Chemist: 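Quick one: this structure, given as structure tokens, is what I'll be asking you about.
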Protein chains: 2
Amino acid sequence: MTTGPNRSRKHAGAQNRNVTIKDLAAELNVSITTISRALNGYTDVGEKTRKKVIDAARRLGYTPNRNAQRLVTRRSHSIAWVQADDDNKFVDPHFVEVMAGVLREARIDHYDIVMTSETPERQLAAYERYVRDGSVDGFIVDLPRPNDPRINFLLEADVPFVVHGREDRQDRYGWVDVDNYGNFYNLTKLILANGHKRIAFINGDERFLYATTRRQAVYDALRDLGHPPETVMYLEGTHPMVEAGFQLTELALADPSITAFLYSSILLATEGLTAVSRAGRVPGQDVMIASMNDELQYLNLAPVDGQITYVRSSLRTAGRALVAEVIRQCERKKTSGTLIPSLFDLGEGVSGDAIAGSVHFA
Amino acid sequence: MTTGPNRSRKHAGAQNRNVTIKDLAAELNVSITTISRALNGYTDVGEKTRKKVIDAARRLGYTPNRNAQRLVTRRSHSIAWVQADDDNKFVDPHFVEVMAGVLREARIDHYDIVMTSETPERQLAAYERYVRDGSVDGFIVDLPRPNDPRINFLLEADVPFVVHGREDRQDRYGWVDVDNYGNFYNLTKLILANGHKRIAFINGDERFLYATTRRQAVYDALRDLGHPPETVMYLEGTHPMVEAGFQLTELALADPSITAFLYSSILLATEGLTAVSRAGRVPGQDVMIASMNDELQYLNLAPVDGQITYVRSSLRTAGRALVAEVIRQCERKKTSGTLIPSLFDLGEGVSGDAIAGSVHFA
DNA sequence: GCTTGTATCCAAAACGTTTTGGCTTAGAAT
DNA sequence: ATTCTAAGCCAAAACGTTTTGGATACAAGC
């Protein structure tokens, strides 16, 4: 007598059997080939037959078994999105915003998004498994780091994927990104144009490339406009950038020569605003607060209206573009990078045009 | 000549073929049956053979094709989580918190979570399709409404699912919930015990049952402690409860007899705190702010420390329980409801014990 | 009448597993 | 010597599709 496998896999059993292509064929006295071809829109089935098939399919509630389809076509019509779960860190409102776009776009093309979280050490293993077991057709890669092993692997495996963000091999894969450099260059320029002599820059986590790019942009702007690097007090938050906004701003407030605060995220900025207000400083009057605004839907900016100068950029749009791109690759159309456009949006009390205006300061 | 289907489904092509069970069998000169049984831990394969198989599998990088497994076992080892995408509404920080738990637990049991967003009208269709095409083994249902059609359908289809929240048929399915009634009953009791005579209650969206339950709890507490219903000014936010906190609080502030503010979510509460402070009122001194705290990881409560009295309850834990329960059903163990325990957590300036203490007010 | 073409249809193979129901062989029990 | 048991292996069927390579019938062209 043989016994079952070690990890007992009891069957769900008693699953009310769904109607199959065979049932349909029997019902209509045609071959299963005809059913399949009728339903998939081939031209070699007569119009009356096709109608008969479609009607019967609807009537009997026939839906092709996805697993059989996946097996024979070798396509799963799903894409994987592996989250880094380094204990508590992957939860980030920015991420949800992207996800909204991802899910929306995937739905349109009838793709499924399969989401997993994995600890950093085991992430790569998850990718490998998904590639080898045929679970998914492609991948979304988030928050790339320098020389990211996930990208190494996916390039090597030659499997469709898209990156949210860029690194040095950006010409070898599809990516979607905001213009981090341009936006922070312009924000810095704007602050300087308003006469500020010292700036606190609260950046994101430099383990991720977007933060590095932003830092470079800020210092480049300083240099190009003839200001010394000491103009900025540089502060780095850790990902996801919470708890940081308040504390780091308080730190910067200790130096009274600082009159402008530049934040890498609107989330940091709103916290910073609280700290600034508590310290008795008045945004738009004796201090300027600038930030990137990723248009987090849940975040109510009404209370801080007119107190923060920001550049808007839709993470949701980025999410949609991500899926569009990876699906394009799955269907073997050409690969390309997508730059998500940003909008300059100035708070109240703004004078002049977008770049020159806002909270003028001697 | 016949032409292809209307919606052209080009194959991804050139997929470097993965190693199959046949390859492995050929390599080792054993049958595929033996490979399968060796890898799945059956006892009718010799130990030397099993070792040989396992070694070769690792060496050649063999991973069983998931789609073939799904087809033959009729189990997908994945569960669906369909989000309502009524344009902008499904993005909610509470949701992410639950998701963190969901993904974490799913990973442990090697289940995949397939996520979709669907417009409200088409949600049910998504459920039907998933049931019929064998994509998933079970479902997670979020934010149940009264007589929820999704629950009707899933009960009818007799397919594993779990509900985050409860409604009147809670004995017929597995669910996970916080003790909404108990928590708000106690919070109200606490406010009254501190001598407050008028309370503003900013609740969540009553289209969802948790909000209704909370309202009932508040009014029951009033009644049980002999206070008239007019004690509370009732304000309802719309889901997801953003933009509401600030405005509704301002509205309530217009009535100076109100000295306590009770919020359905810490998100509302922090916004409300801003409004209260702006109005020159001092939390913990001339006004009390109480709330449910769902332990949103990204939300920095340090700045508001000691100013809000709350009951803590982990949405992440709820997420984990959701998955555990639905998997239990998929594997045909018994079904049960899970109540997520809450913690009373009082702000600074608290006197006395958890229920009687906090911000005493004449 | 014979060929060619066209419109419909279909049998069978294939996808990569798991599972069923054996079949050997070797040793123990009779 | 025969029967029984257990250990170890395997061929074949099955899961539900899609796709290949015809087959059939009928009309048109010669």
Side-chain angles (χ1 to χ4, degrees), chain A residues 1-5 7-13 15 17-26 28-53 57 62-77 132-135, chain B residues 1-5 7-13 15 17-26 28-53 57 62-77 132-135:
Chain A
M1 204 204 74
T2 74
T3 74
R7 47 195 172 115
S8 79
R9 280 204 205 154
K10 290 188 185 172
H11 264 221
Q15 289 281 4
R17 216 177 64 78
N18 285 320
V19 19
T20 74
I21 200 172
K22 272 182 205 156
D23 301 331
L24 208 52
L28 297 179
N29 274 317
V30 296
S31 73
I32 62 170
T33 306
T34 300
I35 304 284
S36 174
R37 314 212 96 205
L39 258 24
N40 285 317
Y42 282 78
T43 60
D44 66 350
V45 4
E47 276 317 313
K48 347 87 197 155
T49 314
R50 187 191 305 278
K51 183 169 175 351
K52 228 175 42 177
V53 170
Y62 169 69
T63 308
N65 182 297
R66 202 95 179 294
N67 300 321
Q69 285 181 321
R70 291 162 76 122
L71 179 57
V72 67
T73 63
R74 297 153 171 284
R75 305 266 281 105
S76 65
H77 280 259
R132 289 210 299 230
D133 73 7
S135 295
Chain B
M1 204 202 75
T2 73
T3 74
R7 49 197 171 109
S8 78
R9 280 204 206 154
K10 290 186 187 174
H11 263 223
Q15 289 281 4
R17 217 176 64 77
N18 286 321
V19 20
T20 75
I21 199 173
K22 271 181 207 156
D23 300 332
L24 209 50
L28 297 179
N29 274 318
V30 296
S31 74
I32 62 171
T33 305
T34 299
I35 303 286
S36 174
R37 314 211 100 209
L39 258 23
N40 286 316
Y42 283 78
T43 61
D44 65 349
V45 3
E47 276 317 312
K48 349 89 198 149
T49 313
R50 189 192 304 282
K51 182 167 177 349
K52 224 175 47 176
V53 170
Y62 169 69
T63 308
N65 182 299
R66 201 96 179 293
N67 300 321
Q69 284 181 320
R70 292 162 75 122
L71 179 59
V72 68
T73 64
R74 296 153 170 285
R75 306 266 282 103
S76 65
H77 280 259
R132 289 208 301 231
D133 73 7
S135 296

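All chains are named by letter (A, B, ...) in the order of the sequence lines, taking the proteins before the strands, and each is independently numbered beginning at 1. Just so it is clear, the structure is predicted and the values come from calculations on it, not from any experiment.
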Chemist: Under a 4.5 Å cut-off applied to non-hydrogen side-chain atoms, are A/Arg70 and A/Arg75 in contact?
Modeler: no
Chemist: For the pair made of CG in A/Leu28 and C1' in C/dC10, what is the distance, rounded to whole Å?
Modeler: 15 Å
Chemist: For the helix from C/dG1-D/dC30 to C/dT30-D/dA1, how many degrees between its two end axes (five pairs per end), to the nearest 10°?
Modeler: 60°
Chemist: Can you name the side chain to side chain donor-acceptor pair (under 3.5 Å) partners of B/Asn65, sequence neighbours left out?
Modeler: none
Chemist: To the nearest angstrom, how far is A/Tyr42 atom OH from C/dC10 atom C1'?
Modeler: 15 Å
Chemist: Under the rule for side chain to side chain donor-acceptor pair (under 3.5 Å), what residues qualify as partners of A/Thr49, not counting sequence neighbours?
Modeler: none
Chemist: Let me know, please, whether A/Glu47 or B/Ile35 comes out on the 5' side of the other along DNA chain C by nearest nucleotide.
Modeler: A/Glu47
Chemist: Using atom NZ of B/Lys52 as one end and atom C1' of D/dG8 as the other, report the distance to the nearest whole Å.
Modeler: 12 Å
Chemist: When you compare the side chain of B/Asn18 with that of B/Tyr62, does any pair of heavy atoms fall below 4.5 Å?
Modeler: no
Chemist: Which pairs, protein N/O on one side and nucleotides 14-16 of chain C N/O on the other, fall under 3.5 Å?
Modeler:
residue: C/dC15; atom: O3'; partner: A/Arg74; partner atom: NH2; Å: 3.1
residue: C/dG16; atom: OP1; partner: A/Arg74; partner atom: NH2; Å: 2.8

Chemist: Checking salt bridge (Lys or Arg N to Asp or Glu O under 4.0 Å) for the pair B/Asp23/B/Arg17: CA distance, chi angles, key distance, verdict?
Modeler: CA-CA 11 Å; B/Asp23 300 332; B/Arg17 217 176 64 77; 3.4 Å; yes
Chemist: Calculate the interatomic distance between A/Arg70 atom CZ and C/dT17 atom P; express it in whole Å.
Modeler: 14 Å
Chemist: Tell me the interatomic distance from A/Arg75, atom CZ, to D/dT17, atom P, rounded to whole angstroms.
Modeler: 19 Å
Chemist: How long is the span from the OG1 atom in A/Thr33 to the CG atom in A/Asp44, to the nearest 0.5 Å?
Modeler: 9.5 Å
Chemist: Could you tell me which residues satisfy side chain to side chain donor-acceptor pair (under 3.5 Å) with A/Ser135, sequence neighbours excluded, listed by chain and number?
Modeler: A/Asp133, B/Arg66
Chemist: Whole angstrom is fine here: how far is it from CG in B/Asp133 over to C1' in D/dT17?
Modeler: 13 Å
Chemist: Are A/Leu28 and A/Ile35 packed together at the side-chain level, in the sense that at least one heavy-atom pair is separated by less than 4.5 angstrom?
Modeler: yes
Chemist: Quick test: give all pairs of protein nitrogen or oxygen and nucleotides 10-13 of chain D nitrogen or oxygen below 3.5 Å, distance rounded to 0.1 Å.
Modeler:
residue: D/dC10; atom: OP2; partner: B/Ser31; partner atom: N; Å: 2.9
residue: D/dC10; atom: OP2; partner: B/Ser31; partner atom: OG; Å: 3.3
residue: D/dC10; atom: OP2; partner: B/Thr34; partner atom: OG1; Å: 2.8
residue: D/dA11; atom: N7; partner: B/Thr33; partner atom: OG1; Å: 3.4
residue: D/dA11; atom: N6; partner: B/Thr33; partner atom: OG1; Å: 2.7
residue: D/dA12; atom: N6; partner: B/Thr33; partner atom: OG1; Å: 3.4

Chemist: Heavy-atom distance under 4.5 Å between the side chains of A/Asn67 and B/Val72, does that happen here?
Modeler: no
Chemist: Do A/Lys52 and A/Val30 have side-chain heavy atoms sitting under 4.5 Å apart?
Modeler: yes
Chemist: How many angstroms lie between OG1 in A/Thr34 and CD1 in A/Ile21, if you round to the nearest 0.5 Å?
Modeler: 9.5 Å
